[in-house]
Amino acid sequence: MPLIKPGQTPPSDEEKRRWPRDADGLLRALDDSTPSARRCSARDMANAENDAQRALFAAALLARLRSEHEVSVREVMLTTLVRLGDIAALSGLADCLRTDDTTLRNEVIEAMREAPAETAPIILELLGDAEPSLRVFAVNILESFRHPDVEHWLIDLISHEANVNVCASAVDVLCLTGSTASRPALLALRQRFPEEPFLQFAIDLALKRTAD
Amino acid sequence: MADISISEQDFEKFREFFYRKSGIQFDDSKRYFVDKRLIERIEATQSGSFRNYFMLLRVQASNAELQTLTNLMTVNETYFFREEYQFDSLVNSILPEIVRLKQDQKPIRIWVIPSSSGEEAYSIAIKLLECWPAINEVDVEIISSDIDTHILGQARQGLYSARSVAQMPTRYLQQYFRRVGQNWQICDALRDAVEFTRVNLSDPSDTRAYRGFDVVFCRNLLIYFDDISRKAAAETFYDALNPGGFICLGHSESMSRMSSLFRVRKFPDAIVYQKPLEAR
């Protein structure tokens, strides 16, 4: 029967590994020339042993993230940054939303959506950021964010937000996820921006979708 | 022994701990299932309270109790030739493409995770022997892994209930099994052909040795993971697969919702996912 049993343990990457698997080795491997070594290093960093190591790895991953061109490595780095759950890691991720690199921004948005419990405090900060584009990105994250307070945050946002683009983004998300609870804030928003036909249209649609 | 109860806070604490260790997330609807097993183990270890037992789980150097509890907490229900259309896809589309692209003489390697009691790995072995003539010229290794050491023991033993083999064509049953009382014993040739190993998919130190696979079957496991653990698992499979290798998920699971690293391949029998050939 040509089904064969592996004669020994599956081949290990141990012999190919150039760096020891301690903290220093993982940091050095993050700069290895081969993407698979960098992916392994980034993945292993998720197993940080204590807060100091978590902070060290988060800083290294964030520093490397912007110059990493290999998509598969970036994806593992982003996953690890979210899994580390370290506040500095998550704030650093949020900072990446300020970059001009659209691909990286979109990857960060995706990554932040995947860990709602960990990223919720950062999202709240972003919703209050001085830069309107950052507030729009935060709203984009909320579009598929599994957190029970999403609607509440969006209602709060449109109740005081002055920027029409941010409001329009929030209304779009409420159109998809809102309930009757959103209606008073939507109606008030329509009164605040009578000169914006696009927003009026979006609000009317959201009111229709959130009707009983 | 006094009545042992698991408070809301205990449940939350345990849920977080177990998630970090296994990637498995229990939602509130699983509360009864989790409490029942925790109390069972608190009694068996004579810990007396959740607090003492939780301490044991966290500090025991051998992790033996964590393993025992994990065995109890994992669901192991499967049967032979479940979702057979994917095995059709394996022999009709996936393996022919792998053979065509293969540039070395190494065996084709298939990883089945979770193994559960071995039905899926043995089904693949039977399917290859019965429906893929190229098996006479190409060597194939099948490695089947699970986090549950108890269920791996059952897989190695290869003794199955009538319900477990009910979907299998009678001819295969006659050829590869023998009757033992009410049960069916798989033949030694198949038992010897599949390697069963213990792996926690959420632990990089467990998975880093798993490399060079051409096909991964990971069906109906990731539905128990949360989004970020699913994404991490997808990235683990990416490194486990050779460039051009394939991953088959359960019918309700979609790689596109976990990771952008794989390409969707629509074959006549099934939709599967492929690591790009040019991947490094």
Side-chain angles (χ1 to χ4, degrees), chain A residues 1-17 21 26 32-48 69-85 103 106-107 110-119 144-147, chain B residues 16 20 23 106-111 124-126 128-129 134-143 145 187 189-197 199 202-205 207-213 226-236 238-240 257-261 275-276 279-280:
Chain A
M1 189 167 356
L3 290 171
I4 59 165
K5 204 162 185 170
Q8 52 208 11
T9 320
S12 158
D13 61 339
E14 201 65 49
E15 52 284 281
K16 290 190 231 155
R17 199 174 177 99
R21 200 168 283 115
L26 290 180
D32 195 283
S33 57
T34 59
S36 63
R38 299 200 297 279
R39 279 196 301 273
C40 275
S41 163
R43 184 176 300 120
D44 282 354
M45 285 181 176
N47 278 1
H69 296 298
E70 181 70 30
V71 176
S72 63
V73 182
R74 274 212 309 267
E75 190 157 310
V76 178
M77 290 172 130
L78 287 163
T79 303
T80 296
L81 280 164
V82 174
R83 292 184 92 190
L84 283 171
T103 310
N106 289 337
E107 288 168 344
E110 283 301 321
M112 293 183 79
R113 278 177 179 160
E114 277 154 8
E118 290 83 354
T119 55
S144 51
F145 198 68
R146 294 184 197 177
H147 195 286
Chain B
E16 173 67 17
R20 287 191 176 274
K106 289 182 183 169
I108 288 176
R109 304 183 78 225
I110 299 174
W111 189 18
I124 291 169
I126 293 170
L128 295 184
L129 293 170
I135 191 73
N136 296 314
E137 291 134 38
V138 182
D139 287 339
V140 177
E141 292 178 1
I142 302 175
I143 297 169
S145 306
C187 67
L190 281 182
R191 281 175 64 195
D192 290 344
V194 179
E195 174 87 3
F196 291 98
T197 62
V199 169
S202 294
D203 187 346
S205 58
T207 57
R208 69 168 63 98
Y210 287 74
R211 295 287 184 269
F213 287 94
D226 70 339
D227 288 350
I228 194 73
S229 304
R230 258 183 226 137
K231 185 162 178 276
E235 290 159 7
T236 296
Y238 185 84
D239 273 322
R257 280 186 239 129
M258 301 177 208
S259 165
S260 57
L261 295 177
K275 178 175 174 175
R280 296 186 295 157

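Here is the naming used below: chain letters follow the sequence lines, and residue numbers restart at 1 for every chain.
Under a 3.5 Å cut-off, the side chain of B:K275 and the backbone N or O of B:Y238 do form a donor-acceptor pair. Remark: the backbone N or O of A:F145 is not paired with any side-chain donor or acceptor of A:R113 at under 3.5 angstrom. In this structure, the side chain of A:R43 engages the main chain of B:E235 through a donor-acceptor pair within 3.5 Å. Side-chain N or O atoms of A:S41 include one that pairs as donor or acceptor with a backbone N or O of A:L26 at under 3.5 Å.
Chain A forms the most heavy-atom pairs under 4.5 Å with one residue out of B:D192, B:L261, B:T207, B:V194, and that residue is B:L261. Each of B:I142, B:N136, B:T236 has some count of heavy-atom pairs under 4.5 Å with chain A, and the biggest count is that of B:T236. With chain B as the partner, the residue from A:T34, A:T79, A:V71, A:N47 showing the most heavy-atom pairs under 4.5 Å is A:T79. Heavy-atom pairs under 4.5 Å with chain A peak, among B:A279, B:S205, B:G212, B:S260, at B:S260.
Contact annotation for A:E110: neither backbone nor side-chain heavy atoms come within less than 4.5 Å of a heavy atom of chain B. For chain B, the nearby part of A:V82 is the side chain; its heavy atoms alone come within less than 4.5 Å. At a 4.5 Å heavy-atom cutoff, the contact between B:L128 and chain A is made by side-chain atoms alone.
When every heavy atom of A:P35 is checked against every heavy atom of A:E70, the shortest pair comes out as CB-CG, 3.8 Å.
With sequence neighbours excluded, the residues forming a side chain to side chain contact (heavy atoms under 4.5 Å, CB included) with B:S229 are B:Y19, B:F225, B:D226, listed by chain and number.
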